[in-house]
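Written below as structure tokens is the structure these notes are about.
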Amino acid sequence: MPKNNKFAPQEKTGYPIMNIIEIIQQGVIKGIKSLYGADITAEQVTMNSTRKEFEGDYTVVVFPFARLARKKPDQIAEELGEYLVREVAPVEKYNVIKGFLNLSLSEVFWRGFLSGMYQDEAYGRQPANGQKVMVEFASPNTNKPLHLGHIRNILLGWSSSRILEAAGYEVVRVQIVNDRGIAICKSMLAWQQYGQGATPASAGEKGDHFVGDYYVLFEKKLREEYKGWQQSEEARELFEKKAENGQGEEAFFNSFKNTYFNEYSRLGAGAKDMLLRWEAGDEATVSLWKQMNDWVYQGFDETYRRLGVEFDKLYFESDTYLLGKDAIRKGLEKGVFYQKEDGSVWIDLTGANLDHKLVLRSDGTSVYMTQDIGTAQKRYQDFGVDKMVYVVADEQNYHFQVLFEILKRLGEPYADGLHHLSYGMVDLPTGKMKSREGTVVDADDLIAEVVEEARKNTADRDTVSGLSEEEQEAVIRQIALAALKFFIIKVQPRRRMVFDPKESVDLQGQTGPYVQNAYVRVQSVLRKGGEQDLSPAADYNRIEPQEKEMLNMLHAFPGLIQVAAEEYDPSGIANFCYDLAKAYHRFYHDLSILSADTAAAKAFRLQLSQAVANVLQHGMNLLGIEMPERM
RNA sequence: GGCUCCGUAGCUUAAUUGGAUAGAGCACCUGACUACGGAUCAGGAGGUUGCAGGUUCGAAUCCUGCCGGAGUCACCA
């Protein structure tokens, strides 16, 4: 194989390989000018890949030129087609159907394109652009294990960060860990009262689940306590006095629950007291808090490891929850904020189609927004990033609109680079996930489940029987995670999605393993015939439609990465990988590779196979999905 | 109620951002290896893109109004 000139086309096309679309667009612009004397911009030249039921590679839509040329679309298309064939070298043929101009590129062009890229593992990756972007994702609370919702978040965050890297950015991956507050105090109190010194090790349980169990236990004990209290004199009197007209006992006590926790409950008082002592820095409390959080982190780390993600830096809310007050003070001086008589500080965002928003309470303490302002500033100080992406569910859309507007008005240097990667909640076929009803899908359980399913399906295959047990286990894990990840990532983020556990473990059809299988097929072919000289590919002169389809897709891949990065949307990459895998499966079925008719065909198809495998691996890698060599 | 997002085949979802006959997968039916891996391929059936108007050569996509669903409008996080 010609290793030393991988980027150079083997045949002279007369044009750089990558910009064929732009070249055609320029040709169209010149053509319109010379044929009709009109000036148009590249923007006005709409080009698509030709639909596969028609002949051609690219299609120019000529309707928009009808007015300029004062001719019928069909006639324009004819004239323009003739012009392009004459003036733009790679364009070899054209045909016109109903006002659409279909252009076919020469085989010379396609051979040159393929031979130039098929060994390039970095094909599609943009050179560094000198910009730095921070991606925040995961960001769990430390009182409960991760669940399906976190998985969607993590997969989106991870794949987006990979895609941004491929688009040329330097990426910093962070999360903010919500490690403080009343929730973790509930777990702490429950552990203190009922735990009898148990540890994750002694209980044989993962740390995050261990701590989560105490949170659940707290809620259970609280409910019991509340139920008992409802029989008391005090409760009866309150019910008589405060129940609204016609309000039943049950309805009343349901709505009273919060007040009960805050004002009557022994456990509630205990948890709140715990929080106060934590805030005061009480040593015993702080050390218990550290201990429990440590357990949780060990559990989280394990889950992240299973998912194959990692972070460059963790921010902890216990460090950041007091940040932002300075910014408020400065903003107040600059007149960005205003103060009410009671001392609370606000911002008027009605000009930006938003509302008035509180940024500091009357007692001078922070709210969520205050922290987020401070944290953004801190992150900029820490890393000097040009952009920040927040992967957070769509219930916080309004919050981020407000946050970004505030940062803009404060004149933050990164304010134009802020993006909320908002995604819809994950529903189950039975409806919403509700922790109270125990319908939350636990992340670790889910992973274990898909691995089991993959194991069952791998058991009776001799394709992997030659591998060691360890290697087999790795393959099973790769397949399982591919199924799970692909299932989630293929859906556009903004959509609320239905997660059917049964479908997520499917290994057939539009799935991760289907894509892996295409890759594995290529590897199998290459093992048998990849060691040869592929230069005869230059003589291949009858590119089949199945081959052309893949060449077109391969050519589109770099642009797709760009779009995915600009839109912060990995779903397009997933769907592309599926389409490419499908095209390869068809090609593989219809045409012979190793026993092709000619040496040229064989060499060309081996190049093509290798190119497809590279791009599939690269594309799936952007989604955080690994490719096995056998499966 | 105000604002935002979403309604596409029975189910899960695409549609190159206004382009050609709305494309896949699952499930259902029928077929395909003495061939490079059948976790595959081919075919069938399944659609008034929630409804009604409008904009134009052309609308799932843009505008208006309804209908249905979700989220959000805290000195909560």
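Residue numbering restarts at 1 for every chain, and letters A, B, ... go by the order of the sequence lines.
- In this view, K548(A) and D57(A) satisfy the side chain to side chain donor-acceptor pair (under 3.5 Å) rule, not counting sequence neighbours.
- Note on R361(A): every side-chain N or O is 4.0 Å or more away from OP1 and OP2 of rA74(B).
- Partners of F576(A) under the ring-ring contact (aromatic ring centres under 6.0 Å, His included) rule, at least two apart in sequence or in another chain, are F557(A).
- The list of ring pair (Phe, Tyr, Trp, His ring centres under 6.0 Å) pairs with a residue in residues 44-70 of chain A, not counting sequence neighbours, reads F63(A)-F100(A).
- R455(A) pairs by the salt bridge (Lys or Arg N to Asp or Glu O under 4.0 Å) definition with E452(A), E473(A), not counting sequence neighbours.
- Look at R521(A) and you won't find any side-chain N or O under 4.0 angstrom from OP1 or OP2 of rC36(B).
- Scored by the salt bridge (Lys or Arg N to Asp or Glu O under 4.0 Å) test, K485(A) finds no partners at all (sequence neighbours excluded).
- In this structure, F400(A) and Y390(A) have tilted ring planes: the angle between them lies in the 30° to 60° band.
- Scanning for ring-ring contact (aromatic ring centres under 6.0 Å, His included) contacts around Y578(A) gives Y514(A), with sequence neighbours left out.
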Pairs under 3.5 Å (N/O, protein and nucleotides 23-26 of chain B):
from, atom 1, to, atom 2, distance (Å)
rA24(B), O2', Y578(A), OH, 3.1
rG25(B), OP1, K582(A), NZ, 3.2
rG25(B), O2', Q510(A), N, 3.2

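- Among K432(A), R152(A), R496(A), the single residue meeting the salt bridge (charged side-chain N to carboxylate O under 4.0 Å, His left out) criterion with D427(A) is R496(A).
- Residues forming a ring-ring contact (aromatic ring centres under 6.0 Å, His included) with Y36(A) (at least two apart in sequence, or on another chain): none.
- The distance between atom CZ of R586(A) and atom P of rA39(B), rounded to the nearest whole Å, is 18 Å.
- Neither OP1 nor OP2 of rC75(B) sits under 4.0 Å from any side-chain N or O of K340(A).
- Near-neighbour residues of RNA chain B inside residues 55-66 of chain A, defined by a heavy atom below 4.0 Å, number-ordered: T59(A), V61(A), F63(A), P64(A).
- In this entry the distance linking OH of Y519(A) with P of rU40(B) reads 19 Å, nearest Å.
- Taking atom CD1 on I182(A) and atom C1' on rA77(B), their separation rounds to 12 Å, with Å as the unit.
- Protein atom NE2 of H356(A) is 22 Å distant from nucleotide atom P of rU72(B), rounded to whole Å.
- The salt bridge (Lys or Arg N to Asp or Glu O under 4.0 Å) test applied to R180(A) returns E279(A), E317(A), not counting sequence neighbours.
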Under a cut-off of 3.5 Å for both distances of each Watson-Crick or G-U pair, what dot-bracket string does RNA chain B give, using [ ] for crossing pairs and | for inter-strand pairs? (((((((..((((.....[...)))).(((((.......))))).....(((((..]....))))))))))))....
Output one line per pair: protein atom, nucleotide atom from nucleotides 3-10 of chain B, and distance, for all N/O pairs under 3.5 Å.
from, atom 1, to, atom 2, distance (Å)
rC6(B), OP1, R494(A), NE, 3.0

